[in-house]
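Here is the structure we will look at, set down as structure tokens.
Within every chain, numbering begins at 1; the chains are lettered A, B, ... in the order of the sequence lines, protein sequences first and strands thereafter.
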Amino acid sequence: METLAAPRFSLQSTLESGQYFRWTRRGDGFEIHLRQGVLFARQNGDVLEFEGVDGATVGRFFALDHDLPAIHAELERDPHLRGALRRYRGLRILRQDPWECMAAFITSAVSNIPRITRNVVDMAARFGTPPAFPRPEQMGSERELRDLKLGFRARYLSQAALLARGGALDRLDGPLESVRQALMEYPGIGMKVAECIALFAYGRLDAFPIDTWVRKAMRRLYFRNRRVSDGKIREFAARRFGRYAGYAQQVLFTAERTGRDYSPDGRPASLSLTLASAPSRR
DNA sequence: CGCCAGGTGGCCC
DNA sequence: GGGCCACATGGC
């Protein structure tokens, strides 16, 4: 087993935050299927023990180069974020393969994490070269994807694969807006999915994907539960959270989806919900 | 049975 | 810009 210094990292929080789907618990660690191989990883304090792929791949995938202290220092100025940041300390935004990330989040539309996981694992098993997810050139036809129960997403996936042939996604670069605009040319990719891919695959940490959970959290925490358009939320998030908005999004998503406990000291979810929704504290 | 789920695309005003 | 609908499938 090899090791890597991994301070300010939580393997579990990172994997369980719903960014990546092809992993499973294995004994005291996790088995993670990547393009480069099957990675087994477990955490021992600040040390990440791993085998299966090389250390550079591990460090890159888990984004161990992200400056977590700086990110937290900046975001913790917002009192609404402190509880979630503390609770999910060490959660990192991954650096995923763009095509797999694109396929996974096209699949995510009107779905849920268990089902997305099933769909993505199915696609890998059916069309990929294990453990690698299928390249765009290997993806199935719309019909074959419908057979895997992808539903209306099957057409999007097969057509997106055609557009992504020849390494088109490897050539995407530039600021968030241009990456997002290029991604939205693909069928099945609107603003939300484009921001997910920009964040989870292209390291655009200022991306702020707004899904049903984040929308609910943002409305409650910053808009007095009023009805607000996603455009307004995005604008607000950009101003409020700045260059690390993506990290704010991911802890808000995770907190809202699991437990909904924003309090820094871990009160019962029902109570903290009440506290968080109240305009004033106490 | 009916409703809703990590949304998007098409069409309306 | 915003509102409404269909889109497959699965879980409750």
- prompt: Taking for each residue the nucleotide of DNA chain B bearing the nearest heavy atom, is the 5' side occupied by A:M184 or by A:S111?
  reply: A:S111
statement: With A:R35 as partner, the option from A:D97, A:T57, A:T129 fulfilling side-chain hydrogen bond (donor to acceptor under 3.5 Å, both in side chains) is A:D97
task: Look through every strand shown and name the nucleotide pairing with B:dC11 as Watson-Crick or G-U wobble, where both distances are under 3.5 Å.
output: C:dG3
task: Could you check whether A:R153 gets within reach of a base, just the sugar-phosphate, or nothing at all, counting any heavy atom under 4.0 Å?
output: base
query: Do the ring planes of A:F9 and A:F62 sit parallel (below 30°), tilted (30 to 60°) or perpendicular (above 60°)?
result: tilted
field: Length of the NZ-P vector between A:K216 and B:dA5, whole Å
entry: 8 Å
message: Regarding A:R22 and A:E100, does a basic nitrogen lie under 4.0 Å from an acidic carboxylate oxygen?
response: yes
message: Any base atoms under 4.0 Å from A:E195, or only sugar-phosphate, or nothing? Heavy atoms, all strands.
response: nothing
query: In the strands shown, is C:dG11 matched to any nucleotide by a Watson-Crick or G-U wobble pair with both distances under 3.5 Å, and which?
result: B:dC3
- prompt: Could you give the CD-to-P distance, from A:Q159 to B:dT8, as a whole number of Å?
  reply: 16 Å
Nucleotide C:dG11, atom P - distance to CG of A:N119 in whole Å: 11 Å
message: Considering every strand and a 4.0 Å limit on heavy-atom distances, what is the contact class for A:V110: base, sugar-phosphate, or nothing?
response: base
- prompt: Hey, what's the ring geometry for A:F30 with A:W23, parallel, tilted or perpendicular (30° and 60° as the breaks)?
  reply: perpendicular
query: Just by distance, with hydrogens left out, do A:Y247 and A:H72 show a side-chain donor and acceptor under 3.5 Å apart?
result: no
query: Quick one: is A:R155 getting a side-chain N or O under 4.0 Å of the C:dC7 phosphate, OP1 or OP2?
result: no
query: What is the nucleic acid contact for A:I116, judged by heavy atoms within less than 4.0 Å: base, sugar-phosphate only, or nothing?
result: base
task: Classify the nucleic acid contact of A:P187 as base, sugar-phosphate or nothing, counting any heavy atom under 4.0 Å across all strands shown.
output: sugar-phosphate
task: Select base, sugar-phosphate, or nothing to describe what A:Y186 touches, counting heavy atoms under 4.0 Å on all strands.
output: sugar-phosphate
task: Give A:R227 one of three labels, base, sugar-phosphate or nothing, depending on what nucleic acid heavy atoms sit under 4.0 Å from its own.
output: sugar-phosphate
Between C1' of B:dC3 and CG of A:N112, the distance in whole Å: 14 Å
query: A:R215 has an atom CZ; how far is it from atom P of C:dG2, in whole Å?
result: 12 Å
- request: May I have the distance from A:D230 (atom CG) to B:dT8 (atom P), rounded to whole angstrom?
  value: 9 Å
- prompt: Hey, does the side-chain of A:R115 have a donor or acceptor N/O within less than 3.5 Å of a partner on the base of C:dT9?
  reply: yes
statement: Between CD1 of A:I106 and P of B:dA5 the distance, given in whole Å, is 21 Å
- line: Between A:F105 and the options A:F21, A:W99, A:Y20, the ring-ring contact (aromatic ring centres under 6.0 Å, His included) test singles out A:F21
- request: Could you check whether A:K149 gets within reach of a base, just the sugar-phosphate, or nothing at all, counting any heavy atom under 4.0 Å?
  value: sugar-phosphate
query: Rounded to whole angstroms, how far apart are CZ on A:F152 and P on B:dG10?
result: 14 Å
